[in-house]
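Have a look at the structure below, then the notes.
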Amino acid sequence: MAEVYGIEGKLYYKVAGVGGAGDWVELENCINPTLNMEGVECDLTTRANGRFKATGVSLNDSSVDLEMIWDTADVDFTAIQEAFNRTNDLTKNLIGISVMDGAIATEGSQGLRADMAVTKFTRSEQNEDAMRVSVTLKPPRSTTAPAWYTVPAPS
């Protein structure tokens, strides 16, 4: 497989979460998204390690950071803003996100697919730039666990 350039990546969302009805919608109002994935370390040191510390990974930690142009008429912006403006309805507190290295319908494209909560929605008002919002999304408690997804070959 050839290298993939950042501009070729695609970020998609589903308003009702990963398991919700409807198709994935490409989040086009998106600037420099970053998929963060880390293992949470745990200590596995025993005396059998010969005076060396042993480390394991107990959990995975993930988040997505991105910026958007502040545009209240844009459907992408509105979907993320509404996911941030939580209500008591759990289905509105999360948004399905798929961070792919290519189009979601292209065989072999892959990335993280998860229900996410918007944990940061910070507006920046630079004098010489368009107004922007910095967004952070993290997996909340959900009936759908985060998973790495690869688009299968057509059957």
Side-chain angles (χ1 to χ4, degrees), residues 1 3-44 54-124 130-155:
M1 177 175 164
E3 66 275 353
V4 179
Y5 297 100
I7 195 72
E8 296 173 295
K10 303 284 184 185
L11 198 145
Y12 298 88
Y13 68 93
K14 267 188 172 185
V15 173
V18 171
D23 294 327
W24 288 97
V25 177
E26 185 176 350
L27 188 88
E28 294 180 338
N29 180 2
C30 179
I31 302 164
N32 297 328
T34 300
L35 171 60
N36 305 297
M37 296 183 61
E38 295 181 43
V40 177
E41 295 181 7
C42 65
D43 185 2
L44 297 177
T55 302
V57 177
S58 61
L59 298 170
N60 291 328
D61 192 11
S62 65
S63 65
V64 178
D65 297 310
L66 61 105
E67 285 188 321
M68 302 176 79
I69 301 295
W70 187 276
D71 181 355
T72 58
D74 177 65
V75 294
D76 297 344
F77 175 86
T78 302
I80 299 297
Q81 184 181 40
E82 287 178 357
F84 179 71
N85 293 330
R86 299 168 194 80
T87 66
N88 290 330
D89 182 353
L90 179 61
T91 62
K92 293 183 181 176
N93 290 348
L94 57 83
I95 188 165
I97 296 291
S98 193
V99 186
M100 305 295 287
D101 65 358
I104 203 162
T106 301
E107 176 186 347
S109 289
Q110 57 181 288
L112 182 69
R113 181 175 282 185
D115 285 336
M116 297 280 197
V118 180
T119 62
K120 176 181 164 191
F121 194 79
T122 303
R123 188 168 74 189
S124 174
M131 193 176 289
R132 295 182 183 203
V133 62
S134 293
V135 176
T136 298
L137 302 120
K138 293 183 177 183
R141 186 172 179 167
S142 170
T143 57
T144 306
W148 195 259
Y149 178 75
T150 301
V151 178
S155 17

Determine whether I80 and V118 make a side-chain contact, defined as any pair of heavy atoms from C-beta on separated by less than 4.5 Å. yes

Answer whether the closest heavy-atom distance between the side chains of W24 and K10 falls below 4.5 Å. no

Backbone N/O of A103 and side chain of S109: donor-acceptor pair under 3.5 Å: yes

With side-chain contact (heavy atoms from CB on, under 4.5 Å) as the test, would you mind laying out the steps for K138 and S62 before giving the verdict? CA-CA 7 Å; K138 293 183 177 183; S62 65; over 6 Å; no

Evaluate the side-chain proximity of V57 to L59: yes if any heavy-atom separation is below 4.5 Å, no if none is. no

I want to check something: taking the side chain as every heavy atom from C-beta on, are E8 and Y5 in contact at a cut-off of under 4.5 Å? yes

Could you walk me through whether V151 and M100 pass the side-chain contact (heavy atoms from CB on, under 4.5 Å) check? CA-CA 10 Å; V151 178; M100 305 295 287; 3.9 Å; yes

Would the distance check show the side chain of N29 and the main-chain N or O of I69 forming a donor-acceptor pair, the cut-off being under 3.5 Å? yes

Without hydrogens or angle criteria, can the side chains of N36 and S63 be said to hold a donor-acceptor pair below 3.5 Å? yes

Please examine the side chains of R132 and I31, heavy atoms only from C-beta on, and report whether any two atoms are closer than 4.5 Å. yes

Stepwise side-chain contact (heavy atoms from CB on, under 4.5 Å) test for E38 and N60: CA-CA 6 Å; E38 295 181 43; N60 291 328; over 6 Å; no

Which atom pair, heavy atoms only, marks the closest approach of M116 to P139? SD-N, 3.4 Å

Please confirm whether R123 makes a cation-pi placement over W70, using NZ or CZ under 6.0 Å from the six-membered ring centre and within 45° of the ring normal. yes

List the atom of Y13, the atom of V75, and the distance in Å for their closest heavy-atom pair. OH-O, 3.7 Å

Main-chain N/O of L94 paired to D115 side chain as donor or acceptor, under 3.5 Å: no

Measure the spacing between CE of M68 and SG of C30 and express it to the nearest 0.5 Å. 7.0 Å

For D74, is there any backbone N or O sitting under 3.5 Å from a side-chain donor or acceptor partner on T78? yes

Could you check whether atom CG of D23 has more than 12 heavy atoms from other residues, nucleotides or ligands sitting under 6.0 Å from it? no

With L66, which of I97, L27, N32, V99 fulfils side-chain contact (heavy atoms from CB on, under 4.5 Å)? L27

Considering only heavy atoms from C-beta outward, does the side chain of V135 approach that of K120 to under 4.5 Å? no

Looking only at heavy atoms, which two atoms of P146 and L112 are closest? And how far apart? CB-CD1, 4.3 Å

So does E41 have more than 12 non-hydrogen atoms from other groups sitting under 6.0 Å from CD? no

Decide yes or no for Q110 and W148: does some side-chain heavy atom of the first lie under 4.5 Å from some side-chain heavy atom of the second? yes

Backbone of S98 reached by a side-chain donor or acceptor of Y149 within 3.5 Å: no

State, with a plain yes or no, whether a side-chain heavy atom of V25 is found less than 4.5 Å away from one of D76. yes

Donor-acceptor pair, E82 side chain versus A79 backbone, under 3.5 Å? no

Please determine whether side-chain contact (heavy atoms from CB on, under 4.5 Å) holds for the pair D61 and M37, giving the CA-CA distance in whole Å, both sets of side-chain angles, and the decisive distance to 0.1 Å. CA-CA 6 Å; D61 192 11; M37 296 183 61; over 6 Å; no

Side-chain donor/acceptor of K14 to backbone N/O of G22, under 3.5 Å: yes

